[in-house]
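The sequence lines fix the lettering, A, B, ..., with proteins before strands; numbering per chain opens at 1.
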Amino acid sequence: MLKIHNSLSGQKEVFTPIEPGKVSMYVCGMTVYDFCHIGHARVMVVFDMIARYLRNSGLNVSYVRNITDIDDKIIARANENDETISELTERFIVAMNEDSDALRVLSPDNEPKATQHMPQIIEMISTLIDKNHAYVGSNNDVYFDVSSFENYGRLSGKNTDELRAGERVAVQQEKDDPLDFVLWKAAKPDEPSWASPWGEGRPGWHIECSAMSTHCLGNHFDIHGGGQDLQFPHHENEIAQSVCSTGEAFANVWMHNGFVRVDEEKMSKSLGNFFTVREVLQKFQPEVIRFFILSSHYRSPLNYSIDNLEEAKSALNGLYTALRDAPADASGEPLKKYVDEFNACMDDDFNTAKAISLLHELARDLNKKSDKSSKEAAELTVTLRYFGTVLGLLQDEPQKFLQAKSDASTDDLDEVAIQNFIDERVAAKTNKNYEKADQIRDHLASQGISLEDTPQGTIWRRN
RNA sequence: GGCUGAGUGGCAGAGUGGUUAUGCAGCGGUUUGCAAAACCGUGUACCUCGGUUCAAUUCCGGGCUCAGCCUCCA
C-alpha cells in the first residue's frame, strides 16, 4: 500500500488514484535560460524515480513536466546575449535534455511549453475575470484577486493577514491588494508579446502551470510536484487560479523535494553557489550523481560536496563489482523475499535510501556465493539488476562502468596500453620477478589504474 | 517577527517505544608472492532540560542550534 507525504496535510497519506490503475502527475520543470545545476538534477531524478516506481507498481502513469520558455529572466538574458528568446531557450532545452539523458532520466510523457499554450492561458484568465476572481489594473496588467479565494494559504500554511503584515517589497499601486499576483503582463516596448483581450502582453509565471496542467491532465489530477521553494507562492497561486477557474478540485497530492545544499546553504542561482550538472560530469560518471541523489530521502536536504560524491562512487563501485563477478547470463524471477522488502521501502513515501541498503545486502549475499554459476547466485543477480532497473541504476555493463574514464581523469592510457602492461606483469610474475611485477602495478596505480589478480587472470579498473 | 522542517556513531544517511540499518573510512582476521577485490569480526550514536511510561534516541512540553519559505528560484 503506497503512502505519499502530501504537503497539503503535512502527513503521509495512502495514495488512491482518482481513476483506478492510472496516475496523472504534473511537475514544475525548468526555466530555460541557463544550464541545469545539481538542484535541478534532483527534481528530474526524484520525479523520474517516482514515475518509474509507479509504473513498476502496475499503474498507468501520465507524467507531465513543463518547460518555462518565456519570463523576465529569459528576456533579460536574451537581451544580454543579443539573441532572440527562442534562440536562447532552444539552446538550453537541448542542454537540459543532454543532462537529463546523462542522468538516465526518462523523458516525461509530455513536456508542454508556455509559449505553445497561449490560447489555454488566455482562456483561463478570461474565465477568472468573468468569475470575478481577477481584474484588469490601471496599467493593463491582469491580476488575480486573492481575497476572492477563501482557501488561499492552505498549501503553504500561511494566512493572508500575516502575509500582508510581513510584506517586504514595495507595493505596486496597480494592485487592489499587495497579495494579488499578476496573470498577464502588458508588453513594454521591444518585449516579446502575444495578442490578448487586454492588449499585447505575456503570461505571468503561475498561470502557465495552471493552464498547462489542466490542459494536459484535466482539471482534477493526482499528483503535483516540484522543488520545495515552489510551495509558496507558485503552487499556492496555481491552486487559487485552477480551483477558481474550473470550479473543481485541483491536484490531490502535492509533493515537494528538498534542496541541495552547499556548506549548509541552499544551492541557488542568486547565491551563486551552484554547480552545473555538466560541470560535475567532468569529474564523476553520471550514475554517481544519480546514486548520490537517490541515497538520501527526497524530502531531506542533500549536501553537495566532492567527498559525498566520492562516497557515492565507492558505494556504487561495490554494487558493480558484485555484478561484475556474477554470471552475465543470469535469468529468472527476482526473489520474492527481497522484492517484498524493496516494495515496502518504496511504498513508504519512496524511501530510496532504505531501498538502496537492500541493494548492498544483495551484493553481499551474492559475493558470498562461491559458486557463481549456482541457481542461488543467478537469483540474487537477477534481483539486484531488477532493483537497479526500477531505480534507474546499475544499467551499465559492470566492467564498462568500473573502467570508465571521467572526462577530467588525468591518465592517458588506453585499454591496449593497459593490457600490455598487464601482460608484461603477468610474464614477470610467472618468472617470479615480483620486483618488476610490483613496479608495473605501482606505475599503473599512479595513473589511477588498480589491478586485481583473480583465478581467471588479472583485471583492472579505474579509481 | 510569522510559518515549515531538521538536529543520529569519525563522515554520509535510514529507522524504531524495549532486539543489526546501510554505506564510506578505521582496526583485527581469512585470502594473496605482496596487493587488490571479497568475506568474517569489531563501534555501548541518537542536541539539551523536563514530562508521560515498567521502559524513550523514538511520544509530549520548554530551551538551544541549523536550514528553508514569507522576494525570482528546483
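Aromatic rings of Tyr63(A) and Phe47(A) (six-membered ring for Trp) have centroids beyond the 6.0 Å cut-off, not under it. In this structure, the ring of His256(A) has its center no less than 6.0 angstrom from the ring center of His5(A).
Residue pairs meeting the salt bridge (charged side-chain N to carboxylate O under 4.0 Å, His left out) criterion with at least one partner in residues 311-328 of chain A, sequence neighbours excluded, are Arg324(A)-Glu452(A).
Between A14(B) and Ser300(A), a contact under 4.0 Å exists linking OP1 or OP2 to a side-chain N or O. In terms of phosphate contacts, Trp205(A) brings a side-chain nitrogen or oxygen within less than 4.0 Å of OP1 or OP2 of C73(B). Distances shown here put a side-chain N or O of Asn367(A) below 4.0 Å from the OP1 or OP2 atom of C39(B).
Taking atom P in both C3(B) and G63(B), one finds a spacing of 13 Å when rounded to whole Å. Rounded to whole Å, the C1' atom of A45(B) lies 27 Å from the corresponding atom of U4(B). Rounded to whole Å, the P atom of U16(B) lies 34 Å from the corresponding atom of C27(B). Spacing between A67(B) and C24(B) at atom P, rounded to whole Å, works out to 31 Å. Using P as the reference atom, U19(B) and U57(B) are 11 Å apart when rounded to the nearest Å. The separation of A12(B) from G17(B), taken at their P atoms, amounts to 25 Å, rounded to a whole angstrom. Taking atom P in both A6(B) and G62(B), the straight-line distance is 15 Å, to the nearest Å.
Contacts of Val27(A) with the nucleic acid, taken as non-hydrogen atoms under 4.0 Å apart, are absent. Ser450(A) comes within contact range of no nucleotide atom at all, as no heavy-atom separation falls under 4.0 Å. No contact: Gly10(A) has no heavy atom under 4.0 Å from any strand. Within 4.0 Å (heavy atoms only), Asp453(A) reaches at least one base atom of the nucleic acid. Across all strands, Leu230(A) comes closer than 4.0 Å only to sugar-phosphate atoms, never to a base (heavy-atom distances). Across all strands shown, Met44(A) has no heavy atoms under 4.0 Å from either base or sugar-phosphate atoms. At the heavy-atom level, Arg461(A) lies under 4.0 Å from the strands shown only through sugar-phosphate atoms.
Within residues 31-41 of chain A, the residues approached by RNA chain B to less than 4.0 Å at the level of any non-hydrogen atom are Thr31(A), His37(A), Gly39(A), His40(A), in residue-number order. Applying a 4.0 Å cut-off to non-hydrogen atoms, the residues of residues 425-438 of chain A that approach RNA chain B are Arg425(A), Lys429(A), Tyr434(A), Asp438(A), listed by residue number. Looking at residues 381-403 of chain A, you'll see that no heavy atom sits under 4.0 Å from any atom of RNA chain B.
By the salt bridge (Lys or Arg N to Asp or Glu O under 4.0 Å) test, Asp72(A) pairs with Lys185(A), Arg202(A), sequence neighbours left out. The salt bridge (Lys or Arg N to Asp or Glu O under 4.0 Å) search around Lys336(A) returns Asp340(A), not counting sequence neighbours. Under the salt bridge (Lys or Arg N to Asp or Glu O under 4.0 Å) criterion, Arg385(A) pairs with no residue at all, not counting sequence neighbours. Under the ring-ring contact (aromatic ring centres under 6.0 Å, His included) criterion, Phe92(A) pairs with Phe35(A), sequence neighbours left out. With sequence neighbours excluded, no residue satisfies ring-ring contact (aromatic ring centres under 6.0 Å, His included) with Phe291(A). By the salt bridge (Lys or Arg N to Asp or Glu O under 4.0 Å) test, Lys266(A) is found to be paired with Asp229(A), residues two or more places apart in sequence or in another chain being considered.
In this structure, Trp205(A) and His234(A) have parallel ring planes: the angle between them is below the 30° cut-off, well short of the 60° mark.
Applying the 3.5 Å distance criterion, the base of C39(B) shares no donor-acceptor pair with the side chain of Asp365(A). No donor-acceptor contact under 3.5 Å links the side chain of Lys158(A) to the base of C70(B). In terms of polar N and O atoms assigned as donor or acceptor, the side chain of Arg441(A) comes within less than 3.5 Å of the base of A35(B) in a complementary pairing.
Salt bridge present: Asp34(A) and Arg77(A) bring a charged side-chain N and a carboxylate O closer than 4.0 Å. Note on Arg278(A) versus Asp99(A): salt bridge recorded, some NZ/NE/NH1/NH2 to OD/OE distance being below 4.0 Å.
Across all strands shown, U16(B) has no partner, as no Watson-Crick or G-U wobble contact with both distances under 3.5 Å is found. Under the Watson-Crick or G-U wobble criterion, with both distances below 3.5 Å, G5(B) is paired with C66(B). Nucleotide U58(B) forms no Watson-Crick or G-U wobble pair with any nucleotide shown, as no partner meets the under 3.5 Å limit on both distances. In this structure G43(B) sits in no base pair that meets the Watson-Crick or G-U test at under 3.5 Å. Across all strands shown, U31(B) forms no Watson-Crick or G-U wobble pair with both distances under 3.5 Å. Remark: C24(B) base-pairs with G10(B). Criterion, Watson-Crick or G-U wobble with two distances under 3.5 Å. Nucleotide A37(B): unpaired (no Watson-Crick or G-U wobble partner with both distances less than 3.5 Å). Both distances falling under 3.5 Å, in either a Watson-Crick or a G-U wobble arrangement, occur for no nucleotide opposite U52(B).
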Please tabulate the protein-to-nucleotide N/O contacts below 3.5 Å involving nucleotides 21-26 of chain B, giving atom names and distances.
| from | atom 1 | to | atom 2 | distance (Å) |
| --- | --- | --- | --- | --- |
| U22(B) | O2' | His360(A) | ND1 | 3.1 |
| G23(B) | N2 | Glu311(A) | OE1 | 3.0 |
| G23(B) | N2 | Glu311(A) | OE2 | 2.5 |
| G23(B) | N3 | Glu311(A) | OE2 | 3.1 |

Report, one pair per line, the protein and nucleotides 63-67 of chain B atoms (nitrogen or oxygen only) whose separation is under 3.5 Å.
| from | atom 1 | to | atom 2 | distance (Å) |
| --- | --- | --- | --- | --- |
| A67(B) | O2' | Arg261(A) | NE | 3.4 |
| A67(B) | O2' | Arg261(A) | NH2 | 3.3 |

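Taking for each of Asn257(A) and Leu451(A) the nucleotide of RNA chain B with the nearest heavy atom, the 5'-most of the two is the partner of Leu451(A).
Taking the ring axis of Tyr33(A) as reference, the NZ or CZ atom of Lys269(A) stays within 45° of it and closer than 6.0 Å to the ring centre.
Judged by distance alone, with hydrogens and angles left aside, the side-chain atoms of Asp180(A) form a donor-acceptor pair with the main-chain N or O of Val146(A) at under 3.5 Å. Looking at Glu236(A), its side chain does come within 3.5 Å of a backbone N or O of Ser156(A) through a donor-acceptor pair. Without hydrogens or angle criteria, Arg290(A) side chain to Leu103(A) main chain gives a donor-acceptor distance under 3.5 Å.
Residue Asp190(A) places its CG atom among 12 or fewer non-hydrogen atoms of other residues, nucleotides or ligands, all under 6.0 Å distant. Counting non-hydrogen atoms of other residues, nucleotides and ligands closer than 6.0 Å to CD of Glu80(A) gives a total above 12.
One interatomic measurement links the two molecules: CG of Asp442(A) to P of C34(B), which rounds to 16 Å at whole-angstrom precision.
Considering only heavy atoms from C-beta on, Val27(A) stays 4.5 Å or farther from Pro108(A) through its side chain.
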